[in-house]
Amino acid sequence: MRMSKLFSQTLREAPADAEMPSHKLLVRAGFIRQLAAGIYTAMPMAKRSITKIEDIMRDEINAIGGQEMTMPVVHPAEVWQETERWYQIGSEMGRFKDKNQRDMVLAMTHEEVVANLTRKEIHSYRQLPVLIYHIQTKWRDDPRPRAGLIRVREFTMKDSYSLDADWEGLDKQYEAHYQSYFNIFHRCGIPVISVKSDVGMMGGKMAHEYMYLTSFGEDTLLICDDCGYAANRHVALFKKETSVKEDELALEKVATPDSKTIAELAEFLDIPEAKTAKAIFMVADIPEGESSIQKFVFAIVRGDMDLNETKLVNALAASELRPATEEEIVAIGAVPGYASPIGLPETNDYLPVVVVVDDLIPDSNNLVAGANDAGHHMLNTNLGRDYQADIVTDLTAARAGDICLNCGGSFNEIRGVEVGNIFKLGTRYSDSMGCTFQDKDGKEKPVIMGSYGIGSGRLLASVAEEHNDDYGLIWPITVAPYQVHLVVLLSKKDGGASQEEANLLYDELLAEGIEVLFDDRDESPGVKFNDADLIGMPIRLTVSGRGLEKGQIEFKRRDQKEKRMIAKDEIVEAVKAEIAALHAEIQEKIVEVPFEE
RNA sequence: CGGGGUGUGGCGCAGUAGGGAGCGCGCUGCGUUUGGGACGCAGAGGUCCGGGGUUCAAGUCCCCGCACCCCGACCA
């Protein structure tokens with residue numbers, strides 16, 4: 001490709017709205033352009049990289065038996081109603097009506113379509129197992145798109161779906177993906193770890209996320225350096241230090257002016273935060289058949305702990321959970337800032353109340369809690385005696401320094417970007433959509449499903465995030481839009497010899513099947529070199545009068561400082577050898593990763 | 001959805017006290033230059049986010065919207 005014809009330009013300065021290095025560089029280098037919040041165009045060079053990433057995905061998924069297809073982006077609402085996700089998912093789902101006023105959905109993912117196909121196509125155990133996949137656009141109207149391509153609303157994802165006759169089959173396909181996903185990320189040049197995750201809106205039995213670790217990541221992970229336990233903060237389990245059980249003391253109401261927060265309260269009473277009970281108020285939607293009921297949730301954790309909302313959602317089997325407003329707190333008869341389940345009216349006109357208590361509370365007695373009276377708290381509150389819980393379960397979020405449940409080591413907290421995930425769906429979709437087959441024994445059984453996704457744009461951004469320096473991007477050979485950046489330095493002195501030589505070399509490289517970006521623009525050397533560094537192709541060749549005097553061409557790897565002068569008639573071979581070497585370097589990173597439950 | 005911020009040529013920004021729409025880069029033409037974002041000369045390019053209002057006069061003051069960014073919530 002001649003840069004003089006390339007449909008994209010580099011920018012000297014990044015737009016003010018970019019913060020992450022990958023975002024700034026992808027924009028500056030001319031790879032991406034924004035159309036609206038979370039909606040981007042992939043410019044020609046980004047498109048080439050994405051195609052390479054997707055070809056790696058194809059290669060790996062084909063290798064474990066995948067069959068590529070294409071499923072629609074627009075779905076009739078009916079299939080989403082059948083699985084009830086039409087009702088469970090809120091504003092994140094793109095909905096519109098077609099010209100006949102039929103409800104339609106923009107695909108967020110494709111379980112419904114797969115299930116719809118499965119029930120039509122799969123009738124016998126003889127047709128199983130199956131692995132199908134496609135690479136397709138998704139729309140998720142995220143409340144807060146951010147960080148360039150990392151978190152967007154419209155994106156392309158490779159999603160595969162496994163169909164099996166039994167659970168052992170699912171395990172096999174799940175574990176095959178487990179390794180093949182590592183291969184995909186390693187071939188793209190990024191290190192990842194797998195962590196246990198919440199199943200979220202997908203439903204199902206087991207899930208892993210693949211995390212690319214970076215301080216700019218949006219997910220918080222807890223990692224035990226001792227035993228290797230790694231989990232998303234949403235689900236991380238940890239060993240709670242139980243307090244020594246004390247004798248129950250008498251309930252006592254005390255004045256605690258201006259002590260609305262736990263910190264203020266502990267300070268005022270001069271007690272540790274662990275001796276207080278923190279109440280968090282939420283309103284939950286809990287599905288019941290095709291509709292759902294709202295409940296007011298009173299969540300209680302010890303004052304020194306944080307509520308983990310994912311754990312709360314799972315405990316309630318809620319479809320939505322949001323903080324309660326002050327008005328709502330008042331409406332159930334509690335006093336904001338001084339609320340607790342003690343002395344709440346039995347009934348209220350607003351919503352039914354559910355009290356959910358962390359499993360540390362039954363062992364922690366004589367805690368200070370709100371008195372439901374402005375400026376007052378209760379001393380020595382005890383679960384069971386002073387108030388009752390509807391649910392007692394693990395509700396708290398693990399933090400750095402917490403104790404690993406497996407080995408007693410302590411957790412580190414790190415940030416990561418989720419670049420892929422795998423789910424054991426089980427029969428969640430088969431049951432609701434009636435995907436059954438006749439087994440060997442003649443009985444009708446539900447198809448066992450799994451689903452596995454990787455976003456290609458997010459992966460591209462992660463590669464850019466991993467591979468850059470102060471001057472620009474540094475693409476791994478497997479993902480680079482072009483393998484070689486050919487620069488010609490123009491000079492009138494040489495009578496156009498450099499230009500002529502560069503043209504010849506360009507044609508020769510192309511004839512050898514090498515992908516070349518040729519900077520044939522009438523620009524000064526500084527501009528060309530800076531652009532070459534910014535765009536970041538793995539190999540740079542420079543044709544100039546200076547080198548040609550000795551019959552040589554300059555050769556430089558983007559990820560290395562040294563430059564080499566190579567004889568003109570050896571340059572093509574040298575480039576081919578270096579490309580092979582770069583591939584070999586990537587190849588070394590592709591390793592087997594033992595599957596961990 | 002809460003909190004914070006920003007909207008002025010393509011990009012980055014300035015715009016004092018309410019009165020002239022500017023600067024740097026980029027872009028066009030001509031010339032000189034050519035190994036790390038060159039130089040000279042001449043140019044083009046603006047609904048100052050939108051809508052109301054105040055005023056003789058609004059980029060600037062007031063009201064109402066919208067968009068985008070950041071933190072949180074949520075989410076793959």
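Letters A, B, ... mirror the listed sequences (proteins, then strands); counts begin at 1. All values derive from a computational prediction rather than experimental measurement.
Remark: A:Arg140 is not in phosphate contact with B:A76, judged by side-chain N or O atoms under 4.0 Å from OP1 or OP2. A close approach under 4.0 Å does not occur between any side-chain nitrogen or oxygen of A:Gln9 and OP1 or OP2 of B:C11. Under 4.0 angstrom from either OP1 or OP2 of B:C74 there lies no side-chain N or O belonging to A:Arg144. The side chain of A:Ser524 contributes an N or O atom lying less than 4.0 Å from OP1 or OP2 of B:A38. Put simply, A:Arg12 has no side-chain N or O that comes within less than 4.0 Å of OP1 or OP2 on B:G24.
Base engagement by A:Arg28 is indicated by at least one non-hydrogen atom pair under 4.0 Å involving a base atom. A:Glu523 comes within 4.0 angstrom of a base, heavy atoms only. Contact annotation for A:Ala532: no contact, since no heavy-atom pair falls under 4.0 Å across all strands. Nucleic acid contact class of A:Pro143 (heavy atoms, under 4.0 Å, all strands): base. Note on A:Arg521: nothing from the nucleic acid sits closer than 4.0 angstrom, heavy atoms only.
Summarising the geometry, the separation between CG on A:Leu11 and P on B:G12 is reported as 9 Å, rounded to the nearest angstrom. In this structure, CZ of A:Arg146 is placed 13 Å from C1' of B:A76, rounded to the nearest angstrom. Between A:Arg153 atom CZ and B:C68 atom P there is a gap of 7 Å when expressed in whole angstrom units. Regarding A:Asn530, its CG atom lies at a distance of 8 Å from the P atom of B:A38, rounded to whole Å. If you measure from atom CD1 of A:Ile39 to atom P of B:A67, you get 12 Å, rounded to the nearest angstrom. Taking atom OH of A:Tyr212 as the reference point, atom P of B:A76 lies 22 Å away to the nearest angstrom. Following rounding to the nearest Å, A:Glu218 (CD) and B:C74 (C1') show an atom-to-atom distance of 11 Å.
Both A:Asp17 and A:Leu489 sit near RNA chain B, but only A:Leu489 has its closest nucleotide nearer the 5' end. Positionally, the nearest nucleotide of RNA chain B for A:Ala14 lies more toward the 5' end than for the other of A:Ala14 and A:Val152.
A:Arg85 and A:Tyr429 share a donor-acceptor pair across their side chains, judged by distance under 3.5 Å alone. A:Asn183 and A:Glu60 form a side-chain donor-acceptor contact under 3.5 Å, judged by distance and modelled atom types alone. Side-chain polar atoms of A:Ser451 and A:Glu111 form a donor-acceptor pair below 3.5 angstrom.
For the pair A:Ile566 and A:Gln552, the minimum side-chain heavy-atom distance is 4.5 Å or more.
Legend: side chain to side chain donor-acceptor pair (under 3.5 Å) pairs involving residues 533-545 of chain A, not counting sequence neighbours, sorted by first then second residue: A:Arg540-A:Glu554, A:Thr542-A:Glu554.
Counting distance only, with no hydrogens placed and no angle test, the side-chain atoms of A:Arg546 and the base atoms of B:G36 include no donor-acceptor pair under 3.5 Å.
The same atom, P, is picked in B:G59 and in B:U8; the two are 15 Å apart, to the nearest Å.
Using a 4.0 Å cut-off between a side-chain N of Lys or Arg and a carboxylate O of Asp or Glu, A:Glu218 and A:Arg415 do not qualify as a salt bridge.
In this structure, the side chain of A:Tyr471 does not engage the main chain of A:Gly536 through any donor-acceptor pair within 3.5 Å.
Here the closest heavy-atom approach between residue A:His23 and residue A:Ala147 is recorded as ND1-C, 4.1 Å.
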Taking only Watson-Crick and G-U wobble pairs with both distances under 3.5 Å, what dot-bracket line describes RNA chain B, where [ ] shows pairs that cross earlier ones and | shows pairs with another strand? (((((((..((((.....[..)))).((((((.....)))))).....(((((..]....))))))))))))....

